[in-house]
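Below, read A as the first sequence line, B as the second, and so on, with proteins coming before strands; counting in each chain starts at 1.
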There are 2 protein chains.
Amino acid sequence: MSAKNQELSERKKLILKTLVEAHIEGGEPVGSKYIMQNNLLSCSSATIRNEMAELEQMGYLVQPHTSAGRVPSELGYRFYVDSLVEQYAKTSREVVQINQLLKAKMAEIDQILDTASRLASSMTNYTGIAIKPKASSVTMTKFEVVSIDEHTFAMLMITSAGTVKTKKVKILGEVREESLRRLAELFNGCLCGLSADMITLPIIMELENAMGEDAYLINPAVKSVYEVMNEIDGGEMRLSGINHLLKYPEYSDTQEFGQLLGTLESQDEILDLVSNSENDDINVLIGSESPVKVMNNSSLVFKPIKKNGRTIGVIGVLGPRRMNYKQVLQTIGEITESISSIIDGEAPINELAEKGEYHGGE
Amino acid sequence: MSAKNQELSERKKLILKTLVEAHIEGGEPVGSKYIMQNNLLSCSSATIRNEMAELEQMGYLVQPHTSAGRVPSELGYRFYVDSLVEQYAKTSREVVQINQLLKAKMAEIDQILDTASRLASSMTNYTGIAIKPKASSVTMTKFEVVSIDEHTFAMLMITSAGTVKTKKVKILGEVREESLRRLAELFNGCLCGLSADMITLPIIMELENAMGEDAYLINPAVKSVYEVMNEIDGGEMRLSGINHLLKYPEYSDTQEFGQLLGTLESQDEILDLVSNSENDDINVLIGSESPVKVMNNSSLVFKPIKKNGRTIGVIGVLGPRRMNYKQVLQTIGEITESISSIIDGEAPINELAEKGEYHGGE
DNA sequence: TTTAGCACTCGATAATTTCAAGTGCTAAAA
DNA sequence: TTTTAGCACTTGAAATTATCGAGTGCTAAA
């Protein structure tokens, strides 16, 4: 691909860039005349026409029909984006704003992601996506059991990812405090560090033996553990600002938009797509570069958020192929950075956020 | 309103009913000829035309233009729905199915509602809505504190609604087990049964005094309590199957649909609407009966779910004005009933669901 | 009170025309 | 060799017109 880029003369690059940006702006095919006017180069529309004809032959542009201007092809967008990625800068002022917003809403990762999705949407005017990806191996690091009433108790579990989960468990028989204490002790001793598929029947039976007459507690309790593991494992996705998309004429085909919506809602395809990405930096999928069919007229920009080398979330933006890549790349970069700094930095965010004592430090 | 119904002759009722159902089915204006064919009455189209003209004058029907058939007005739908409400029956077979689906996904109310929303959507082919309404006064009934690492601990709270909530709290200084135990004790003693606005500064200061040298724990801990109360209080809404709506031509205006989507996403208007409803049975808002402007071309059917007299959730369906009220009323009724029976019945759902040992009771 | 018959209405669809933006190409200019 | 002005040509979008038929209201007879 970069080999091809070499072939482009500076003038072609400038024309391509101008055209892409004009099309992103207006959404309609761009003609030679327009480019002549909004371009630093001093040459006539005829010259530009010739260049455009060549750019089309090289695959960077597409002509919807003979008597129309030209539109960037996917290759054209790709070139534009690639030439952009190296150079997008951070406006530190905005970063601080994002930081503050996110910290105000601080909480567990789930809520941060949700807020971030809304943020991404409102800042870009496209659809924001926040994803908690499928994590293949969650384990528990600590158990605690609390009684609620005579038939119910709650299991509190701290996961290897550092999040806290609770499950309510109802039991036919009566629940005694003493039994619960033993249950917690037992789980802490036997189940910590085990992943879902390592909790096998023999282990469960062993637990039941150890519990003696209170063995009936084990089964529902273990089930809760399983459930929590699956919840975390399952991945989840939050969309916001879907309505923004409808402003763009590329989504005016109701049928098509409905399919897109359905796919987004069912989540699994996007989750797979994102989870399988190996690129830890910003990913940009332009049109048919995405394996998801209904997204072939859209572009998806996303970036994983890492903590200790593990992906704990993904923030992204979905919009028309002619999305404002410059802005989107920048926004996503800023947001993910903010989240990382909040999560990584072990600063007690609770207190800082509380009193607004944020001194601009990282 | 019921006075007006009296005025309708049996034949008019039958014609109205046939017309409404035909329009729900096909979405297009219904002519006298069609009604003549699909009607048990034996009279000519001319007679029906006369009746229809009268029905229009009475406000039950509307003519899009002179040379078209007729369409039910909101009053027409209202009459149809009202005459329906008394008589919709339960297909017990379906109830059992719903029960099983919900129990399989059993868990806290949040998850049940989410599942129910999906269920409502897939069963009706409209958009399913699940709402956790704004609850004005939540209190805590029990606190538990668990240490996570030297700077972090988790607060577990059981709310008056019976749900379990956790919050992670980070502290600048070090966290000692002993301090946490005292913190829990203190909170259980002083904060149980208090609503958010009853936790005043004097109380907090008293807590700080009681904690002595560990007073620095109080502030962030109390903040977590506040947060939990607000989270619960805040209300939340889950939509599913928005894409279904796009199948109906009444949502083909992209602009309008976008606005609807935006309103739905921002949640607050719908939350207000639902929270303020005083009708504990099934609510049916037809078109402009809803105070939300963008929903004036839609209908909203919803029903609160009660536990001990408190509304703990709302399940609903949003669709075009010509929604299939019969089916929707029935489905919503069934789903809410299922949820109620699961929540009310203190049966240990965990175990039943696990082994599929559901013997069709209830 | 019902019904057959008929003239009339009016939106939806199709067919047609108009318009202008934009192109490609050629020949002259740089 | 490269650039540019000029012009004929293409073609979709928008505007205009024609056609069609479902459905109506009304009248007069049953």
Peer 1: Check the angle between the aromatic planes of B:Phe257 and B:Tyr251 and answer parallel, tilted or perpendicular using the 30° and 60° thresholds.
Peer 2: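 Judged by the thresholds at 30° and 60°, the geometry between B:Phe257 and B:Tyr251 is perpendicular.
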
Peer 1: Looking only at the side chain of B:Ala46 (C-beta and beyond, no hydrogens), which of the listed nucleotides C:dA4, D:dA22, D:dT24 gets closest?
Peer 2: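 Looking only at side-chain atoms, B:Ala46 lies closest to C:dA4.
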
Peer 1: According to side chain to side chain donor-acceptor pair (under 3.5 Å), who are the partners of A:Thr336, at least two apart in sequence or on a separate chain?
Peer 2: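 Expected list: none.
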
Peer 1: Can you see if the side chain of A:Arg11 gets near the phosphate of D:dT2 - specifically, an N or O under 4.0 Å from OP1 or OP2?
Peer 2: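 False: A:Arg11 side-chain N/O out of range (4.0 Å or more) of D:dT2 OP1/OP2.
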
Peer 1: Given D:dT10, C:dG24, D:dC26, identify the nucleotide with an atom nearest to the side chain of A:Ala53.
Peer 2: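 Among the listed nucleotides, the one closest to the side chain of A:Ala53 is C:dG24.
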
Peer 1: Could you state the atom-to-atom distance from CE of B:Met36 to P of D:dG23 in whole Å?
Peer 2: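 Those two atoms, CE and P, are 11 Å apart.
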
Peer 1: Measure distances between side-chain N and O atoms of B:Arg70 and base N and O atoms of D:dG25, and say whether any donor-acceptor pair falls under 3.5 Å.
Peer 2: no

Peer 1: In this structure, how many angstroms lie between the C1' atom of D:dG25 and the CD atom of B:Glu56, rounded?
Peer 2: 12 Å

Peer 1: I need the NE2-P distance between A:His65 and D:dT10, as an integer number of Å.
Peer 2: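 Distance, rounded to whole Å: 14 Å.
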
Peer 1: For the side chain of B:Thr47, counting heavy atoms from C-beta on, which of C:dT9, D:dT4, C:dT3 is nearest?
Peer 2: C:dT3

Peer 1: According to the interplanar angle, ranging from 0 to 90°, do the rings of B:Phe79 and B:Tyr60 count as parallel (below 30°), tilted (30 to 60°) or perpendicular (above 60°)?
Peer 2: perpendicular

Peer 1: Find the distance A:Leu55:CG to C:dG24:C1' and express it as a whole number of Å.
Peer 2: 16 Å

Peer 1: Looking only at the side chain of A:Cys43 (C-beta and beyond, no hydrogens), which of the listed nucleotides D:dT4, C:dT23, C:dC10 gets closest?
Peer 2: D:dT4

Peer 1: For A:Gln37 and C:dA21, give me the distance from atom CD to atom P, rounded to whole Å.
Peer 2: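 Nearest whole value for this atom pair: 12 Å.
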
Peer 1: Between D:dT10, C:dT23, D:dG21, which one does the side chain of A:Arg49 approach most closely?
Peer 2: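 Nearest to the side chain of A:Arg49 among the choices is C:dT23.
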
Peer 1: Heavy atoms from C-beta onward define the side chain here; which of D:dG25, D:dT10, C:dG24 lies closest to that of A:Gln63?
Peer 2: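 It is C:dG24.
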
Peer 1: With a sphere of 6.0 Å drawn around NZ of A:Lys293, does it hold more than 12 non-hydrogen atoms of other residues, nucleotides or ligands?
Peer 2: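 Count not over threshold, so no.
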
Peer 1: Tell me: CG of A:Asn50 to P of D:dT3, nearest whole Å?
Peer 2: 9 Å

Peer 1: Does DNA chain D take part in any stems of at least 3 consecutive Watson-Crick or G-U pairs (both distances under 3.5 Å), and if so, which ones?
Peer 2: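 Ordered by first number, the stems with DNA chain D (at least 3 consecutive pairs each) read C:1-30 with D:1-30.
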
Peer 1: Whether A:Glu250 and A:Arg321 form a salt bridge (side-chain N of Lys/Arg under 4.0 Å from carboxylate O of Asp/Glu) is what I want to check.
Peer 2: no

Peer 1: Any carboxylate oxygen within less than 4.0 angstrom of a Lys/Arg side-chain nitrogen, looking at B:Arg70 and B:Glu56?
Peer 2: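 Looking at B:Arg70 and B:Glu56, the cut-off is met.
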
Peer 1: Which whole-number value in Å describes the distance from A:Leu61 CG to C:dG24 P?
Peer 2: 11 Å

Peer 1: Between P on C:dA21 and OH on A:Tyr34, what's the gap in Å once rounded to a whole number?
Peer 2: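 About 15 Å, once rounded to whole Å.
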
Peer 1: So which atom in B:Ser240 and which in B:Ser117 form the shortest heavy-atom distance, rounded to 0.1 Å?
Peer 2: OG-OG, 2.6 Å

Peer 1: So, OP1 or OP2 of C:dT23: does either fall under 4.0 Å of a side-chain N or O from A:Ser32?
Peer 2: yes

Peer 1: When rounded to the nearest 0.5 angstrom, what is the spacing between CD in B:Glu51 and CG in B:Leu16?
Peer 2: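 If we round to the nearest 0.5 Å, B:Glu51:CD and B:Leu16:CG are 11.0 Å apart.
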
Peer 1: May I ask you to verify whether the side chain of A:Ser44 and the base of D:dT4 hold a donor-acceptor pair under 3.5 Å?
Peer 2: no

